[in-house]
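What follows is a single structure, written as structure tokens, with notes after it.
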Amino acid sequence: MKKRSQICVSLLTPYLAQAEALGFPREQLLTELGLNEALFSKAMQRIAFRDFLLAVQRLVHITQRADIGLLSGEHFHPSTLGPLSYLMMNSDSIGEAYRGFLRYEALINEAVETRLEVKDGLIFNSERYNGYSDEETAPLVEADFSAMMGYTQFLSFRPDTDKPTPLRVDFRHQPLTAIEHYEKRFAAEVRFGQPHNVIVFDAAIMDYRIPGADARIVTRAIAELDAIQLALRGERRFVTDVYDFIKEGFYSEIPSAKTSAEHFAMSVSTFQRRLREEGSSFKQLVEQVRKDKAEVYLRDLRIPLADIGERLGFSDTPAFFKAFRRWSGKTPAEYRKQLADDDHSNIGNDR
């Protein structure tokens with residue numbers, strides 16, 4: 001299996017905790033997701049991001065809670081971040097902890113792009129999962145922003161009367177639950193259908209001190225994280241970069257082999273040779289991207305089948321149906337029905 005963008009499996013813990021709080025046994029949830037408890041006992045254990053995304057989408061269907069990301073934010077804890085938690089909990093201030101997080105964010109989640117901007121006394125924290133639609137990643141963005149509030153309060157040990165709350169929250173996607181639920185969680189104005197996913201804070205929170213911070217632990221944590229980073233750099237392959245580039249292109253137009261080769265500053269022949277050396281081809285990668293994204297889209301019942309084919313660049317709906325049957329042995333409608341039947345017959349009946 002070709003390696004692509006990866007994410008720490010520990011980041012799935014808050015979603016599982018929320019599903020448990022809703023009455024679903026953890027052991028059964030892990031079975032449904034095709035995971036095992038041993039994965040969560042290994043620090044920085046990573047899985048393919050697309051598998052993580054499918055797991056979250058499956059939890060949405062199992063629990064019938066589209067807002068599971070928003071709810072799971074309350075279950076996030078710095079320890080979810082493995083060795084990075086030691087750096088954050090022992091930084092001198094919230095600002096220092098956050099800068100450390102951004103420095104090593106790719107170790108725990110290669111798929112997300114987070115940016116920090118300080119302007120006019122405000123902090124604008126934005127994030128985007130490049131190559132994925134807003135509908136696919138809505139639960140993740142909601143969880144990330146909800147968790148950010150919890151992290152900040154935990155690290156600063158501020159009482160409820162003085163907890164750092166955002167001034168505004170913007171989401172690119174449409175609401176997944178009643179707006180009042182968002183306003184209750186964030187205690188701020190929440191807007192949807194905005195150009196960017198942004199959570200805005202007063203810049204003063206960057207100066208909040210972290211009680212009990214130990215610079216010696218920070219030094220050791222940085223050394224460990226640097227070692228992990230160096231080890232992981234040797235894992236990334238050329239096909240991974242090409243796969244990600246193709247995937248991002250699906251939101252404008254599917255890139256051609258020529259366009260892709262130019263992006264990587266290569267001739268088409270060299271580009272194709274590099275892929276062959278790693279046991280792949282441009283055509284195979286395009287096909288894999290389409291298949292992976294089709295499976296994610298089919299889990300979202302709000303997206304009509306005809307729209308999925310169009311999003312994936314097929315000339316018409318029959319062409320999409322034919323390709324999907326070739327990939328899975330089922331029509332898209334049969335695949336979607338099986339997902340729904342599995343959700344209802346397995347976890348649903350065991351509540």
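Each residue takes its place number in the sequence, starting with 1.
- Under the 4.5 Å side-chain criterion, counting only non-hydrogen atoms from C-beta, Phe238 is not in contact with Tyr243.
- Once rounded to the nearest 0.5 Å, the distance linking CZ of Arg276 with CZ of Phe271 reads 11.5 Å.
- With rounding to the nearest 0.5 angstrom, the CG atom of Asp170 is 7.5 Å from the CD atom of Glu189.
- Here Lys184 does not pair with Glu180 in a salt bridge; the nearest charged N to carboxylate O distance is not below 4.0 Å.
- In this structure, CG in Asp92 is found 11.5 Å from CG in Asp214, a value given to the nearest 0.5 Å.
- Proximity of Leu71 to Arg185: side-chain heavy atoms (C-beta onward) are nowhere separated by under 4.5 Å.
- In this pair, Phe49 and Tyr129 present their aromatic rings parallel. The plane angle is below 30°, not in the 30 to 60° band.
- Two residues are said to be in side-chain contact when any heavy atoms from C-beta on lie closer than 4.5 Å; Phe321 and Leu305 meet this criterion.
- His196 NE2: 12 or fewer foreign heavy atoms inside a 6.0 Å radius.
- Qualifying salt bridge (Lys or Arg N to Asp or Glu O under 4.0 Å) partners for Arg172, counting only residues two or more places apart in sequence or in other chains: Asp134.
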**Prompt:** Could you walk me through whether Ser133 and Glu136 pass the side-chain hydrogen bond (donor to acceptor under 3.5 Å, both in side chains) check?
**Reply:** CA-CA 5 Å; Ser133 70; Glu136 291 176 280; 3.2 Å; yes
**Request:** May I have the step-by-step check of side chain to side chain contact (heavy atoms under 4.5 Å, CB included) for Arg274 and Phe264, ending in yes or no?
**Result:** CA-CA 11 Å; Arg274 285 285 305 277; Phe264 291 99; over 6 Å; no
**Request:** Run the numbers on Arg290 and Asp292 for salt bridge (charged side-chain N to carboxylate O under 4.0 Å, His left out), then give the verdict.
**Result:** CA-CA 6 Å; Arg290 279 176 159 157; Asp292 293 344; over 6 Å; no
**Request:** For Glu224 and Arg220, run salt bridge (charged side-chain N to carboxylate O under 4.0 Å, His left out): C-alpha distance rounded to whole Å, both residues' side-chain angles, the deciding distance at 0.1 Å, then the answer.
**Result:** CA-CA 6 Å; Glu224 181 177 357; Arg220 291 198 294 271; over 6 Å; no
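- Ile94 has its side chain within reach of Leu155: a pair of non-hydrogen atoms, C-beta onward, lies under 4.5 Å apart.
- A donor-acceptor pair under 3.5 Å links the side-chain atoms of Ser85 to the main chain of Gly82, judged by distance alone.
- Annotation for Ile217: hydrophobic cluster partners, listed by chain and number, are Tyr86 (ILVMFWY side-chain heavy atoms under 4.5 Å, direct or chained).
- Taking Lys291 as the reference, Glu295 meet the salt bridge (Lys or Arg N to Asp or Glu O under 4.0 Å) condition, with sequence neighbours excluded.
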**Message:** Quick one, Asp226 with Tyr104, criterion side chain to side chain contact (heavy atoms under 4.5 Å, CB included). Give me CA distance, side-chain angles, the key distance, then yes/no.
**Reply:** CA-CA 9 Å; Asp226 283 344; Tyr104 295 105; 2.7 Å; yes
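- No more than 12 heavy atoms of other residues, nucleotides or ligands sit less than 6.0 Å from atom CD of Glu310.
- By the 4.5 Å heavy-atom criterion applied to side chains, Ile7 and Glu110 are not counted as neighbours.
- Follow the hydrophobic side-chain contacts under 4.5 Å out from Leu140 and you reach Val9 in the same cluster.
- The closest side-chain donor-acceptor pair between Ser267 and Thr270 falls under 3.5 angstrom.
- When the side chains of ILVMFWY residues are joined at heavy-atom separations under 4.5 Å, either directly or via intervening members, Val268 and Leu275 end up in two distinct hydrophobic clusters.
- Contact annotation: the side chain of Leu33 approaches that of Leu59 to within less than 4.5 Å [non-hydrogen atoms, C-beta and beyond].
- Other residues sharing a hydrophobic cluster with Leu122 under the 4.5 Å side-chain heavy-atom criterion for ILVMFWY residues are Phe124, Leu167, Val198, Val200.
- Classification of the Phe324-Trp327 ring pair by plane angle, with boundaries at 30° and 60°, yields perpendicular.
- Side chains of Pro332 and Ile308 form no contact here, defined as non-hydrogen atoms less than 4.5 Å apart.
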**Prompt:** Can Tyr182 and Phe145 be said to form a side chain to side chain contact (heavy atoms under 4.5 Å, CB included), step by step?
**Reply:** CA-CA 11 Å; Tyr182 292 94; Phe145 282 2; over 6 Å; no
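- Between the side chain of Gln284 and the backbone N or O of Ser281 there is at least one donor-acceptor pair closer than 3.5 Å.
- In this structure, the salt bridge (Lys or Arg N to Asp or Glu O under 4.0 Å) partners of Glu262, at least two apart in sequence or on a different chain, are Lys258.
- Across all their heavy atoms, Phe320 and Ala294 have their closest contact at CE1-CB, 4.1 Å.
- Salt bridge annotation for Arg58-Glu32: present, with a cationic side-chain nitrogen under 4.0 angstrom from a carboxylate oxygen.
- Salt bridge annotation for Glu278-Arg273: absent, with no cationic side-chain nitrogen under 4.0 angstrom from a carboxylate oxygen.
- Pairs of residues two or more places apart, or lying in two chains, that qualify as side chain to side chain donor-acceptor pair (under 3.5 Å) and include a residue from residues 65-76 are Gln18-His75, Arg65-Asp67.
- Checking Glu142 against His173 by side-chain atom types alone, a donor-acceptor pair falls below 3.5 Å.
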**Message:** If you apply the rule side chain to side chain contact (heavy atoms under 4.5 Å, CB included), what do you find for Phe40 with Gln45, and how did you get there?
**Reply:** CA-CA 7 Å; Phe40 295 85; Gln45 178 66 42; over 6 Å; no
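- Hydrophobic clustering of Ile, Leu, Val, Met, Phe, Trp and Tyr side chains at less than 4.5 Å, counting indirect connections, unites Val56 with Leu35.
- Looking at Asn36 and Leu30, their side chains never come closer than 4.5 Å, going by heavy atoms from C-beta outward.
- Between Glu113 and Arg115 a salt bridge is recorded (basic side-chain N to carboxylate O distance below 4.0 Å).
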